[in-house]
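We name chains A, B, ... by the order of the sequence lines, and we start the count at 1 in each one.
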There are 2 protein chains.
Amino acid sequence: MGEPRRRDSARTRKLLLETARRRFARDGYAATTVRDIADEAGANVALISRYFGSKEGLFEACLAAAADSVRGTQDGDVALEGLGRSIARGMAGVSSAHGLPEVLLLSLRPSGDEQAERARIRTLSSYAERMAALALPEGAPLPDDLHLRGQVLLATALGVAVLRATPGLGPITSATEDQLADALSDVVSALLGRGPGPLTQP
Amino acid sequence: MGEPRRRDSARTRKLLLETARRRFARDGYAATTVRDIADEAGANVALISRYFGSKEGLFEACLAAAADSVRGTQDGDVALEGLGRSIARGMAGVSSAHGLPEVLLLSLRPSGDEQAERARIRTLSSYAERMAALALPEGAPLPDDLHLRGQVLLATALGVAVLRATPGLGPITSATEDQLADALSDVVSALLGRGPGPLTQP
DNA sequence: TAGTGTTGTAAGCACACGTTTACATACACC
DNA sequence: GGTGTATGTAAACGTGTGCTTACAACACTA
């Protein structure tokens with residue numbers, strides 16, 4: 001393989017997509033302009049329309065790509081005991097730039113589009129359910145209060161992603177994976193550990 | 001006191017402020033236009049500039065007002081044991097429209113303005129610190145890991161506010177104060193309860 | 001009632017937005 | 001080399017934005 005082609009639509013498309021993911025996650029959909037994205041990607045504005053149809057189309061592509069990359073880096077099957085660390089790894093790990101936090105941050109910005117909205121809700125919902133299901137024997141039906149607790153755990157992850165993306169905020173922005181894992185593991189066992197009410201140590 | 005004046009700048013100002021609080025919290029700063037706000041408040045666009053100087057000024061007024069109203073409805077001095085319920089009350093209580101969730105939702109939307117940005121971060125920071133301080137004897141200095149845990153708790157509150165504002169999402173949107181209090185109390189004692197590492201029951 | 005400051009309105013300004021168009025250039029193939 | 005298509009560029013379009021201006025309607029006091 002020789003020099004990279006000076007004109008390479010695949011590369012340009014990918015560059016636009018990656019830049020858009022970063023900007024949408026950092027600044028939100030409405031606050032990000034297509035010219036911002038194009039300039040930062042070193043491309044022309046018109047190419048966004050060409051490759052993604054519209055700003056909306058670009059955003060949906062970002063959502064899809066982010067969901068894919070988190071599916072990729074996801075630990076195959078985590079037990080309840082490892083869930084806290086798994087979330088912490090998603091937050092602080094090497095893949096954090098294109099991983100869990102990005103999906104979460106993208107997921108909290110309503111795009112205005114009906115279809116993207118439903119996809120967003122479905123994604124969030126299934127996350128919460130899968131985490132809550134770890135507290136049950138495989139295949140057991142998910143009771144409503146555990147579903148709620150799964151969503152509170154999801155809320156924690158979402159909030160941590162938001163706060164970690166806030167520069168100048170205290171320790172949480174600079175916390176290591178281990179430090180996060182400490183706190184998050186406690187939250188996981190408090191929410192999904194056996195027995196209702198205050199956690200009882202086995 | 002006689003009939004209300006047909007022209008009442010105080011009333012108009014308040015109307016604009018309340019509408020802005022609702023819209024900024026629901027749609028975010030960038031996605032909300034001053035014409036949206038003025039129309040919904042039944043006022044003229046120019047009055048926003050007159051009363052608040054600019055859209056930015058209006059947003060800062062919203063932040064301040066929201067911080068005030070949560071200070072008002074806040075339980076005077078909560079102990080660590082009551083913190084979970086106190087947060088749940090803030091989330092689900094009668095004041096939820098103008099209470100905790102609103103401050104949190106306003107706090108997660110960067111406005112683009114430097115000064116508002118600092119106020120936002122200061123608000124978040126002090127929340128986390130006050131909550132974390134409940135785990136210590138009065139006046140004791142706040143160690144860094146507890147500070148972090150306070151911020152994770154804040155993250156949970158923020159995430160719950162976001163998810164509760166997401167229509168169509170599962171149980172968390174419709175959960176009662178009691179149901180939320182159950183889960184949140186567990187999170188509080190897991191994060192701030194005595195002793196590091198996994199919670200040990202006294 | 002005449003005068004005066006306050007409150008509200010309508011129109012417009014300058015600019016940034018998303019998108020489209022018309023055109024230039026690099027590449028692949030003959 | 002010559003030709004057709006893929007790729008990239010520059011400029012413009014229409015619209016919506018935040019904000020200002022010029023003016024009208026009201027409330028109040030003398």
Side-chain angles (χ1 to χ4, degrees), chain A residues 1-21 23-24 26-63 109-116, chain B residues 1-21 23-24 26-63 106 109-117:
Chain A
M1 40 195 86
E3 295 237 321
R5 301 202 311 167
R6 308 236 317 270
R7 289 191 164 193
D8 186 337
S9 67
R11 196 185 103 92
T12 305
R13 207 191 119 101
K14 200 174 84 174
L15 232 55
L16 283 171
L17 189 62
E18 281 175 1
T19 309
R21 287 174 65 174
R23 296 295 297 245
F24 282 148
R26 202 187 63 192
D27 303 332
Y29 180 81
T32 305
T33 75
V34 290
R35 283 181 174 84
D36 285 344
I37 297 171
D39 288 355
E40 193 175 318
N44 189 280
V45 210
L47 297 181
I48 289 182
S49 295
R50 171 128 68 202
Y51 291 139
F52 302 96
S54 65
K55 187 189 182 187
E56 264 295 326
L58 175 56
F59 180 75
E60 293 188 34
C62 288
L63 258 184
R109 326 273 180 169
S111 68
D113 178 78
E114 192 71 27
Q115 190 177 347
Chain B
M1 35 194 91
E3 294 238 320
R5 302 202 310 168
R6 307 233 319 270
R7 291 191 160 193
D8 185 339
S9 66
R11 194 183 105 93
T12 304
R13 206 191 120 101
K14 200 174 83 177
L15 231 56
L16 284 171
L17 189 62
E18 282 175 0
T19 308
R21 288 174 64 174
R23 296 295 295 246
F24 282 148
R26 201 188 63 193
D27 304 331
Y29 180 81
T32 305
T33 76
V34 290
R35 284 182 174 83
D36 285 344
I37 298 171
D39 288 355
E40 192 174 318
N44 189 280
V45 209
L47 298 180
I48 288 181
S49 296
R50 171 128 65 200
Y51 292 138
F52 301 96
S54 65
K55 186 191 182 185
E56 266 294 329
L58 175 56
F59 181 75
E60 292 188 35
C62 288
L63 256 184
L106 286 176
R109 324 272 182 169
S111 68
D113 176 79
E114 194 70 26
Q115 190 177 346
E117 187 67 9

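A salt bridge does not link D39(B) to R35(B): none of the charged nitrogens lies less than 4.0 Å from a carboxylate oxygen.
Looking at K55(A), its side chain never comes within 3.5 Å of a backbone N or O of I48(A) through a donor-acceptor pair. Proximity of a side-chain donor or acceptor of R13(A) to a complementary backbone N or O of Y51(A) within less than 3.5 Å is detected.
What you find for A30(A) and A30(B) is that their closest heavy atoms are CB-CB, 3.8 Å.
One finds the CG atom of L58(A) at 11.0 Å from the CZ atom of R21(A) (value rounded to the nearest 0.5 Å). Rounding to the nearest 0.5 Å gives a distance of 4.5 Å between CG of D27(B) and OG1 of T32(B). Here the CG-CZ distance, from L106(B) to R26(B), works out to 13.0 Å after rounding to the nearest 0.5 Å.
Counting heavy atoms from C-beta outward, F52(A) and E60(A) have side chains that stay 4.5 Å or more apart.
The base of dT25(C) sits with one of its N or O atoms less than 3.5 Å from a complementary donor or acceptor on the side chain of R7(A).
Here the C1' atom of nucleotide dC19(D) and the CD atom of E56(B) are 14 Å apart, to the nearest Å. Atom pair R11(A):CZ and dT7(D):P shows a separation of 14 Å (rounding to whole Å applied). Remark: P of dT7(D) and CD1 of I48(A) are 17 Å apart, rounded to the nearest angstrom. Residue R23(A) contributes atom CZ, which lies 15 Å from atom C1' of dC17(C) at whole-angstrom precision. Between D39(B) atom CG and dG18(D) atom P the separation is 12 Å, expressed in whole Å. Here the C1' atom of nucleotide dT21(C) and the CG atom of L47(A) are 14 Å apart, to the nearest Å. Atom CZ of R13(A) is separated from atom C1' of dG8(D) by 16 Å (rounded to the nearest Å). As rounded to whole Å, 12 Å separates atom P of dG16(D) from atom CG of D36(B).
Each of A43(B) and G53(A) has a nearest nucleotide on DNA chain C; the 5'-most of these lies closest to A43(B).
S9(A) has a side-chain polar atom (N or O) that falls below the 4.0 Å cut-off from OP1 or OP2 of dT7(D). OP1 or OP2 of dG18(C) has not a single side-chain nitrogen or oxygen of S49(A) nearer than 4.0 Å. Residue Y51(B) has a polar side-chain atom (N or O) positioned under 4.0 Å from OP1 or OP2 of dG8(C). Under 4.0 angstrom from either OP1 or OP2 of dG18(D) there lies no side-chain N or O belonging to S54(B).
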Sort me out a list of protein N/O and nucleotides 10-14 of chain C N/O pairs below 3.5 Å, or just none if empty.
residue: dG12(C); atom: O6; partner: R35(B); partner atom: NH2; Å: 3.2

Show each protein N/O and nucleotides 1-4 of chain C N/O combination with a separation under 3.5 Å, one pair to a line.
none

**Q.** F24(A)/I37(A) under side-chain contact (heavy atoms from CB on, under 4.5 Å): CA gap, chis, key distance, verdict
**A.** CA-CA 9 Å; F24(A) 282 148; I37(A) 297 171; 3.9 Å; yes
Q | Chi angles and distances behind the side-chain contact (heavy atoms from CB on, under 4.5 Å) call for R50(A), L47(A) | A | CA-CA 5 Å; R50(A) 171 128 68 202; L47(A) 297 181; 4.0 Å; yes
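Out of dC17(C), dT19(C), dG8(D), the shortest distance to the side chain of T33(A) is found at dC17(C).
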